[in-house]
Student: 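One structure coming up, written as structure tokens, with questions to follow.
Along the sequence shown, the residues carry numbers beginning at 1.
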Amino acid sequence: MTVPRLRDLVRRRPGPADEDFAGQVHSELALDLPDEDLREDLDDCLDLYEMGSKPRCEEVEYLRLLEDARDRIVRGG
């Protein structure tokens with residue numbers, strides 16, 4: 001039996017039943033971030049982000065917001 005890796009569990013995208021909740025989380029995040037900092041796919045935001053492209057304090061807050069939103073979507077609440 002294969003044991004799933006933690007990374008695989010965190011990277012799991014929400015299924016069709018979770019799309020409404022994912023949209024709600026994304027909308028809440030959009031209130032805190034400028035349009036150019038937020039893509040439709042939060043994993044893309046994190047994967048494509050270039051470290052050092054923002055001042056350190058903004059960078060930490062930006063990444064924390066994205067990770068928290070993605071984690072909420074994965075947990076479903």
Student: Got a donor-acceptor contact below 3.5 angstrom from the Tyr62 side chain to the Leu33 backbone?
Tutor: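 Not a single qualifying donor-acceptor pair exists.
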Student: Going from CD on Glu58 to OG on Ser53, what distance comes out if it is rounded to the nearest 0.5 angstrom?
Tutor: 10.0 Å
Student: Can you check whether Arg39's main-chain N or O pairs, donor with acceptor, with His26's side chain at less than 3.5 Å?
Tutor: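 Such a contact is found between His26 side chain and Arg39 backbone.
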Student: To the nearest 0.5 angstrom, please state how far the CG atom of Leu48 sits from the CG atom of Asp41.
Tutor: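 It comes to 9.0 Å.
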Student: Between atom CG of Leu38 and atom OG of Ser27, what is the distance when rounded to the nearest 0.5 Å?
Tutor: 9.5 Å
Student: Atom CZ in Arg64, atom CG in Asp68: separation rounded to 0.5 Å?
Tutor: 5.5 Å
Student: Heavy atoms, side chains only, cut-off 4.5 Å: are Leu42 and Leu29 in contact?
Tutor: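 Heavy-atom side-chain distance check passes, below 4.5 Å.
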Student: Taking all atoms of both residues into account, what is the closest heavy-atom pair of Phe21 and Ile73, and its distance?
Tutor: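 Closest approach of Phe21 to Ile73: CE2-CA, 3.9 Å.
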Student: Measure the shortest side-chain to side-chain distance between Asp37 and Lys54 over non-hydrogen atoms and say whether it is less than 4.5 angstrom.
Tutor: yes
Student: Is there side-chain contact between Glu67 and Arg72, with heavy atoms separated by less than 4.5 Å?
Tutor: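 Not touching, per the 4.5 Å side-chain cut-off.
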Student: Do Met51 and Leu66 share a hydrophobic cluster (ILVMFWY, side-chain heavy atoms under 4.5 Å, transitive)?
Tutor: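 Hydrophobic grouping puts Met51 with Leu66.
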